Protein chains: 2
Amino acid sequence: MKTIKDVAKLAGVSPATVSRVLNNSASVRSSTRHKIEQAIKALDFRPNESARALVRQNVKTIGVVISELSEPFFAQMAASIEATAKKHNYRVLISTGSLDANKEKSAIESLIAQQCTALVVNSKVLPDHDLIQFANNNPGFVLINKYVEQIKHRCVWFDNELGGELLAKQALTKGHKSIAVVMARQKAHDSSRRLKGVRRAFDSFGQRLSLKDIYHASPDFKGGQHALTRILKSDKQYTAVLCYNDMVASGVLAQLSSLKYSVPNDMSVIGFDDVLIANYCSPKLTTIKYPIDVMAQKATDLSLSLISANESQLNANGYCYKPYAVQRQSVARV
Amino acid sequence: MKTIKDVAKLAGVSPATVSRVLNNSASVRSSTRHKIEQAIKALDFRPNESARALVRQNVKTIGVVISELSEPFFAQMAASIEATAKKHNYRVLISTGSLDANKEKSAIESLIAQQCTALVVNSKVLPDHDLIQFANNNPGFVLINKYVEQIKHRCVWFDNELGGELLAKQALTKGHKSIAVVMARQKAHDSSRRLKGVRRAFDSFGQRLSLKDIYHASPDFKGGQHALTRILKSDKQYTAVLCYNDMVASGVLAQLSSLKYSVPNDMSVIGFDDVLIANYCSPKLTTIKYPIDVMAQKATDLSLSLISANESQLNANGYCYKPYAVQRQSVARV
DNA sequence: TTGAAAGCGCTAACAC
DNA sequence: GTGTTAGCGCTTTCAA
């Protein structure tokens with residue numbers, strides 16, 4: 001392995017000067033610089049990042065914690081973080097938390113041990129006080145998809161309640177009266193806030209959402225399939241199904257299709273998130289946009305500016321992103 | 001930041017002994033070990049991985065190069081690598097290559113500079129001689145989804161030709177005579193090998209694939225939509241469309257659906273890869289399985305065993321994975 | 001503008 | 001079993 005000494009020897013200078021060229025840290029006579037650059041090229045030298053990290057006490061790596069990389073929503077988030085990090089010349093170290101508090105915690109800790117000063121964490125199950133403690137000990141710690149009052153300036157989150165409201169309004173404004181709602185089973189998910197928004201919309205339309213109309217399912221394709229089966233078994237004649245996310249909605253769609261129901265004529269279906277599949281299923285899903293791309297970008301920028309002490313432009317209230325409706329073909333007027 | 005010295009001081013021992021406990025590297029009296037473990041816990045100490053990497057000349061991090069993280073196929077691959085790495089107590093450093101030879105090269109180089117001795121690379125556009133050179137200088141360098149003769153023992157690849165053959169047979173065995181084929185535009189993709197397999201199947205059925213029946217498209221949803229439009233404009237009455245991948249097939253499906261064609265009655269459609277969406281679209285796609293999960297796992301294990309000199313169980317011929325057909329509902333008999 | 005030297009936190013010989 | 005010491009490759013004072 002080539003080291004800075006090899007370069008120095010070949011260029012006939014000291015290692016310190018090579019370092020100066022590498023970092024543009026002090027003025028170096030241009031002839032000297034040239035010699036060094038030649039030597040670097042000749043040896044195909046690349047500085048050892050571990051050594052740099054050790055002496056600089058940080059590493060040009062942003063740590064990312066997510067629950068599950070294979071889910072489209074998170075994959076998109078990770079992709080957006082990676083793209084943003086790349087612009088700042090940072091790499092991305094990914095660790096999964098798998099919906100387990102201990103694993104989530106050790107995922108974060110391991111990234112910190114790797115000297116990641118920048119950290120973008122999508123915590124699903126870790127208690128707030130743990131998150132606050134991490135934030136206090138790590139200047140570059142940022143939460144995404146989560147709001148924690150005490151460290152809100154490090155949070156990039158989404159207005160789930162408004163999302164729920166918009167979700168319900170997609171059906172309510174088209175005259176639907178008998179509406180089923182499919183939410184996620186886990187408390188950890190954003191179900192309860194979305195449901196609150198759904199209720200608010202019902203109230204504003206003078207309608208009532210009964211507990212019986214709320215179905216619980218795992219937040220994926222299979223969950224949607226199962227939920228729809230239960231929905232059809234009920235004695236109510238629903239005309240619309242509000243879904244926790246687009247994967248659930250796809251499952252609902254698939255099940256309806258296999259039962260020869262026509263969407264949106266026999267049943268309207270509304271998704272949430274607007275991931276790729278919403279645009280790819282048939283009929284295309286009317287859904288609620290969760291702007292995860294720009295949120296991920298913001299979280300990355302935020303983390304990076306927090307560690308560069310470039311705090312002038314920080315928003316003390318954090319960053320809340322709003323949903324909006326994306327109307328496609330899965331909703332009919334009744 | 002806590003260091004090994006702090007722990008040593010608190011436990012009343014030397015740093016070396018702390019290191020021994022940390023690494024289980026030599027026998028330590030159990031009472032001493034206990035004291036040290038107490039001190040580690042009390043200080044919430046975690047060893048600095050950069051320092052370890054520097055002295056050990058490697059890092060417990062596996063570098064991954066892929067073209068685009070947001071594509072479902074690659075997201076699934078990345079997820080599988082991460083899961084496997086985690087089992088070996090490795091982290092994952094991800095870098096994207098974006099179908100550009102220079103970016104791909106610098107992505108690999110940057111991972112090497114980070115001391116990643118284990119490397120799983122999905123190269124799309126880098127010339128073989130570059131890959132061979134990387135392999136020669138990096139014992140843990142492994143290629144996935146690619147076969148390079150000179151370093152085949154470091155390759156985990158897929159039998160695209162057989163895949164193409166199976167793809168065509170899904171239609172041929174059901175009596176289709178007029179078949180359109182949609183392949184990827186880029187040479188970099190596996191199109192040509194798949195096409196070769198398609199041709200072989202046609203030959204074995206005594207049928208002829210004319211150049212006019214081959215359509216080129218970008219390997220995604222939009223590409224599928226556009227391709228189908230061109231297919232329907234042709235003067236031939238096709239009864240089946242063979243697609244480069246499931247995303248293309250979804251686009252074909254969507255376009256057919258919007259034109260009120262019924263699948264598979266009016267047209268049969270066959271995908272490739274068997275990503276999630278193949279199971280989620282309507283009708284469910286008949287497709288060819290690309291076992292990316294197990295391949296990614298194998299590539300990760302291979303890379304890790306290459307650097308641990310645990311080469312006894314290595315296969316000098318590399319690892320070729322075979323496709324198989326997954327029959328669902330998008331193909332009819334004619 | 002450049003070089004010498006110290007040291008980041010850790011591991012691994014080599015003593016004892 | 002445990003401590004002492006050197007040094008991994010780099011950056012950064014401090015002098016010159």
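Excluded from the calculations below are hydrogen atoms, water molecules and symmetry mates; all remaining heavy atoms, backbone and side chain alike, are included. Please read all numbers here as calculations on a predicted model, not as lab measurements. Convention: sequence-line order gives letters A, B, ...; per-chain numbering from 1.
Annotation: of the two residues near DNA chain D, A:Ile4 and B:Arg29, the 5′-most nearest-nucleotide partner is B:Arg29.
Note: CG (B:Leu22) to P (C:dT11) measures 6 Å, nearest angstrom. Distance B:Arg56 CZ to C:dC8 P: 20 Å, rounded to the nearest Å. To the nearest angstrom, P of C:dC8 lies 18 Å from CG of A:Asn48. Put simply, CZ on B:Arg52 is 14 Å from C1' on C:dA12, counting in whole angstrom units.
Judged purely by distance below 3.5 Å, without hydrogens or angles, the side chains of A:Arg154 and A:Asn138 never pair a donor atom with an acceptor atom. A:Ser123 and A:Glu104 share a side-chain donor-acceptor pair at under 3.5 Å. Between the side chains of A:Arg91 and B:Ser95, no donor N or O sits under 3.5 Å from an acceptor N or O. For the residue pair B:Gln115/A:Ser50, the side-chain donor-acceptor check at 3.5 Å is not satisfied. Judged purely by distance below 3.5 Å, without hydrogens or angles, the side chains of A:Tyr290 and A:Asn145 pair a donor atom with an acceptor atom.
For the pair A:Ala85 and A:Val92, the tightest heavy-atom approach, listed with the atom from each and the gap, is CB-CG2, 3.8 Å. Among all heavy-atom pairs drawn from A:Leu69 and A:Ala75, the shortest one is O-CB, 3.6 Å.
Relative to the axis of its first five pairs, the axis of the last five pairs of the helix from C:dT1-D:dA16 to C:dC16-D:dG1 sits at 40°, rounded to 10 degrees.
Results of the side chain to side chain contact (heavy atoms under 4.5 Å, CB included) test with B:Leu119 over B:Ile112, B:Leu306, B:Val142 single out B:Ile112 as the only residue that passes.
In this structure A:Asp293 satisfies the side chain to side chain contact (heavy atoms under 4.5 Å, CB included) test together with A:Gln76, A:Ser80, sequence neighbours excluded.
In this structure, CD1 on B:Ile292 lies 11.5 Å from CD on B:Gln297, to the nearest 0.5 angstrom. One distance of note links CZ of A:Phe74 with CD1 of A:Ile144; it measures 9.5 Å at 0.5 Å rounding.
Look at B:Ser19 and you'll find a side-chain N or O under 4.0 angstrom from OP1 or OP2 of C:dT11. Remark: A:Gln57 is in phosphate contact with C:dG9, judged by side-chain N or O atoms under 4.0 Å from OP1 or OP2.
Scanning DNA chain D 5' to 3' for nucleotides with an atom closer than 4.0 angstrom to a non-hydrogen atom of chain B gives a first and last hit of D:dG1 to D:dG9.
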N/O-N/O pairs, protein side and nucleotides 13-16 of chain C side, under 3.5 Å:
{"from": "C:dA13", "atom 1": "N6", "to": "B:Arg20", "atom 2": "NH2", "distance (Å)": "3.4"}

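Judged by a 6.0 Å distance limit and a 45° cone about the ring axis, A:Lys298 is positioned over the six-membered ring of A:Tyr319.
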Which atom pairs, donor and acceptor, lie under 3.5 Å between side-chain atoms of residues 57-64 of chain B and protein residues at least two apart or in another chain?
{"from": "B:Asn58", "atom 1": "ND2", "to": "B:Arg56", "atom 2": "O", "distance (Å)": "3.4"}

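In this structure, A:Val13 reaches the sugar-phosphate backbone alone: every heavy-atom distance under 4.0 Å involves primed, P, OP1 or OP2 atoms, never a base. Here A:Thr32 lies in heavy-atom contact (under 4.0 Å) with sugar-phosphate atoms only.
Between B:Lys2 and B:Asp44 there is no salt bridge, since no side-chain N of the basic residue sits under 4.0 Å from a carboxylate O of the acidic one.
Of the residues in residues 34-45 of chain B, those placing a heavy atom less than 4.0 Å from an atom of DNA chain C are B:Phe45, in numerical order.
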